[in-house]
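Below you'll find the structure, written out as structure tokens, and then a few comments.
Position 1 is the first residue of the sequence, and the numbers go up from there. Side chains are part of it too, since the values below use all heavy atoms of this structure and drop only hydrogens, waters and symmetry mates. Bear in mind the structure is a predicted one, so any value in this text is a computation, not a measurement.
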Amino acid sequence: SSSDDPLLTSTRAFVALPLFDSQIHKASVSRRIKLFYPGEVANLAYQGEEEEEAFAEGDGGGKSRGTSSSGGGGSKESATVRAVKELRREALDRLRSGVDVGAGGGDDDDGEGRLVIHREMDLLRRSSAASSAAAGAGASVGNNGALVLAGGGTKAAPGGAGIEGKPIRAGGILVERKDSNTNIPTPKWHSPWKLSTVLSSHLGWVRSVAFDPTNTLFATGGSDRVIKIFDLAKACVASPDALKITLTGHISPVRGLAFSDRHPYLFSAGEDKMVKCWDLETNQVIRHYHGHLSGVFALKLHPTLDLLVTGGRDAVARVWDMRTKHQVHCLSGHDNTVGAILTKGTDPQIVTGSYDTTIKLWDLAAGKCMSTLTHHKKAVRALAQPSFENTFVSGAADNLKKWVGNDGRFIKNFSGHKAVINALAVNDDGVLLSAADDGTMNFWDYGSGHCFQTSTTVAQPGSLDAENGIFAAEFDLTGTRLVTCEADKTIKIWKEDDTASELTHPIDMTKWRKKCIAEAKRRY
């Protein structure tokens, strides 16, 4: 008979065996999720809570959660979809029970200090409702929608009033929000700059530049040990009689120049340890300031007092009385060359940048260091400050950094100029220039930090390609002309492109937004 047929009996036994085990498949799906998406545990729980709320608010109120997920006879869900839904519910239950509270934060987080936690179900509602609910729970909502709990015990009360009438559970899901809203400043549009004039007068590297207070003259000093004074208006049109006079007296490269606002004096400093005061009416040296033990690399005049500040390779900044030639202070504390100096009329009246990577703010009356800024990782070779706000910017090979002027608080980084920054200059229109050792020039919007132009200077014919470095740069008093001193022995004058407009040179907001978001995620 057919019942005695061994082939039919074995076929029936084979068919009776379970061909698919849902538990084994769910475990396999769980392993794959953990392997390829290691950070998805909290997201699974959050999605499970979303499904639970959608099911409670939808038309499936009469059905149980288990029957709706498992699908019944008419369900078209695949086994993998059902397994993922079950994993979401299990992750949600584990977070509620406190088993996985460390993954997303929860009631048992009694950390020290300040805990910033994001509650995803609250962030989906209006920020105003979130603020009122957080205030009722004894917490506050931050700028980016984060629920901020004070470390030391502020917790949401079990069963307390929630958002839109929903209770905030004691075991609510607290998940760190990865894509927080980044504050993206709107850059101000600036016209691009272009080369206007090239002056070939020095016989060596041009190392320093300064403008006189009437904006009619500018002086440059170079490795040829001379100081040349030019007529600015004639130099801008490349007139052959732009050079007015050449001053000789230094026996080493001239590294610092400054015109006095109150006297007809020009001050110069060089690598020959000399600091000289020139009378521009007689074109002769009338004072020497002796005291530096090595080359002098930086020189600045105080804006309101008759004081002169110099810094150099002996790792100190010296404050001189301009009239008596006496040294008022010796500001010591740096471990390497003082390469840049700023002077201001308000405290800190002296700011120094050094090759030891630090910036120091000095109390001029006491001659003591007020604070030391150690944020840079490379030598600080340039400092600049605008006339319209009490801030300053420093330049090094790692990046540019902007600081508050009165206490040295860090504001932001101007990142993107990957070179040794030798010169910084800022004009009244808010254009910041950073010039580097490799000839690259970046133009920035000082307020937002947006780099609106990147250009490279070109070495003059007859020069080596390597001689395209920029050693000094300065805007004139109107801010419409820029003078750069370069390694190809030339002085270049730059001006704004009059034909440019916001239509011809628009701001790339997409690139700017991506850069702001990337920098917000980076830790400094």
Side-chain angles (χ1 to χ4, degrees), residues 208-221 227-233 235-236 244-245 247 249 254-270 274-289 296-311 317-329 331 340-352 362 364-365 382-393 405-406 423-429 472-483 485:
S208 55
V209 61
F211 284 87
D212 84 317
T214 63
N215 204 44
T216 58
L217 305 173
F218 71 93
T220 57
I227 302 168
K228 293 180 180 288
I229 300 179
F230 297 87
D231 185 293
L232 177 60
C236 288
K244 296 189 67 77
I245 195 169
L247 304 177
V254 181
R255 299 295 296 269
L257 290 171
F259 283 92
S260 173
D261 291 340
R262 295 178 298 278
H263 311 287
Y265 296 156
L266 170 67
F267 294 87
S268 64
M274 295 183 184
V275 180
K276 298 176 181 287
C277 175
W278 303 79
D279 188 340
L280 295 180
E281 294 178 344
T282 62
N283 299 325
Q284 292 181 347
V285 178
I286 58 173
R287 295 188 186 98
H288 286 90
Y289 302 88
V296 186
F297 283 10
L299 179 149
K300 286 289 181 181
L301 297 179
H302 195 279
T304 58
L305 304 175
D306 285 338
L307 294 177
L308 172 68
V309 185
T310 56
R318 300 180 189 270
V319 183
W320 309 90
D321 188 314
M322 186 186 298
R323 295 162 296 181
T324 65
K325 302 181 290 184
H326 291 159
Q327 180 177 294
V328 179
H329 291 302
L331 308 179
I341 296 175
L342 285 181
T343 55
K344 301 189 298 178
T346 58
D347 285 331
Q349 298 184 53
I350 299 175
V351 180
T352 57
W362 301 89
L364 180 59
L383 295 171
Q385 60 183 350
S387 60
F388 49 83
E389 65 181 36
N390 189 16
T391 58
F392 67 94
V393 63
N406 55 1
L424 292 172
V426 59
N427 66 5
D428 291 342
D429 194 34
E474 194 73 39
F475 286 100
D476 72 338
L477 271 62
T478 65
T480 59
R481 293 295 185 271
L482 170 68
V483 175
C485 305

Rounded to the nearest 0.5 Å, the SG atom of C236 sits from the CZ atom of F218 at a distance of 7.5 Å

Smallest heavy-atom separation, H302 atom then Q349 atom, equals NE2-OE1, 2.7 Å

Correct closest heavy-atom pair for V209 and C485 would be CB-SG, 3.5 Å

Here the pair of heavy atoms bringing K344 nearest to G405 is NZ-O, 2.7 Å

Rounded distance (nearest 0.5 Å) linking atom OG1 of T352 with atom CG of L331 | 7.5 Å

Determine yes or no for a side-chain-to-main-chain donor-acceptor pair under 3.5 angstrom, with Y289 supplying the side chain and M322 the backbone.
-> yes

Is there a donor-acceptor contact under 3.5 Å from the side chain of S387 to the main chain of D428?
-> no

Just how far is it from atom CG of L307 to atom CD1 of I350, taken to the nearest 0.5 Å?
-> 7.5 Å

Spacing of L280 atom CG and F259 atom CZ [to the nearest 0.5 Å] | 6.0 Å

Any side-chain heavy-atom pair of L247 and I245 under 4.5 Å | yes

If we only count heavy atoms from C-beta on, is the V483 to D476 side-chain gap below 4.5 Å?
-> no

Hey, does D306 have a side-chain heavy atom less than 4.5 Å from the side chain of R262?
-> yes

Could you tell me whether the side chain of D212 and the main chain of L217 form a donor-acceptor pair under 3.5 Å?
-> yes

Measure across A425 and F475 and return the closest heavy-atom pair with its distance rounded to 0.1 Å.
-> O-CE1, 3.5 Å

Run the numbers on I229 and N283 for side chain to side chain contact (heavy atoms under 4.5 Å, CB included), then give the verdict.
-> CA-CA 11 Å; I229 300 179; N283 299 325; 5.7 Å; no

Derivation and outcome, side chain to side chain contact (heavy atoms under 4.5 Å, CB included), residues W362 and H329 | CA-CA 11 Å; W362 301 89; H329 291 302; over 6 Å; no

Do the side chains of L299 and S268 get nearer than 4.5 Å, heavy atoms only?
-> no

Could you tell me which non-hydrogen atom of A219 sits nearest to which non-hydrogen atom of L266, and how far apart they are?
-> CB-CD2, 4.4 Å

How far apart are the C-alpha atoms of I227 and L257, what are their side-chain angles, what is the distance that settles it, and do they pass the side chain to side chain contact (heavy atoms under 4.5 Å, CB included) test?
-> CA-CA 9 Å; I227 302 168; L257 290 171; 3.9 Å; yes

Using the side chain to side chain contact (heavy atoms under 4.5 Å, CB included) rule, take D279 and Y265 through it: C-alpha gap first, then chi angles, then the decisive distance, then the call.
-> CA-CA 5 Å; D279 188 340; Y265 296 156; 4.3 Å; yes

If you measure from CH2 on W278 to CD1 on I286, what distance do you get to the nearest 0.5 Å?
-> 11.0 Å

Okay, side chain of N215, backbone of L477: is any donor-acceptor separation there less than 3.5 Å?
-> yes

Where do V328 and D321 come nearest, in terms of heavy atoms and distance?
-> CG2-N, 3.7 Å

Using atom types as modelled and distance alone, determine if a side-chain donor or acceptor of R318 lies under 3.5 Å from a backbone N or O of L308.
-> no

Flag the pair R287 / K276 as yes when at least one side-chain heavy-atom distance between them is below 4.5 Å, and no otherwise.
-> no

Distance, nearest 0.5 Å, that separates CG of L232 from CZ of F211 = 5.5 Å

Short side-chain to backbone donor-acceptor contact, Q385 and T343, under 3.5 Å = yes

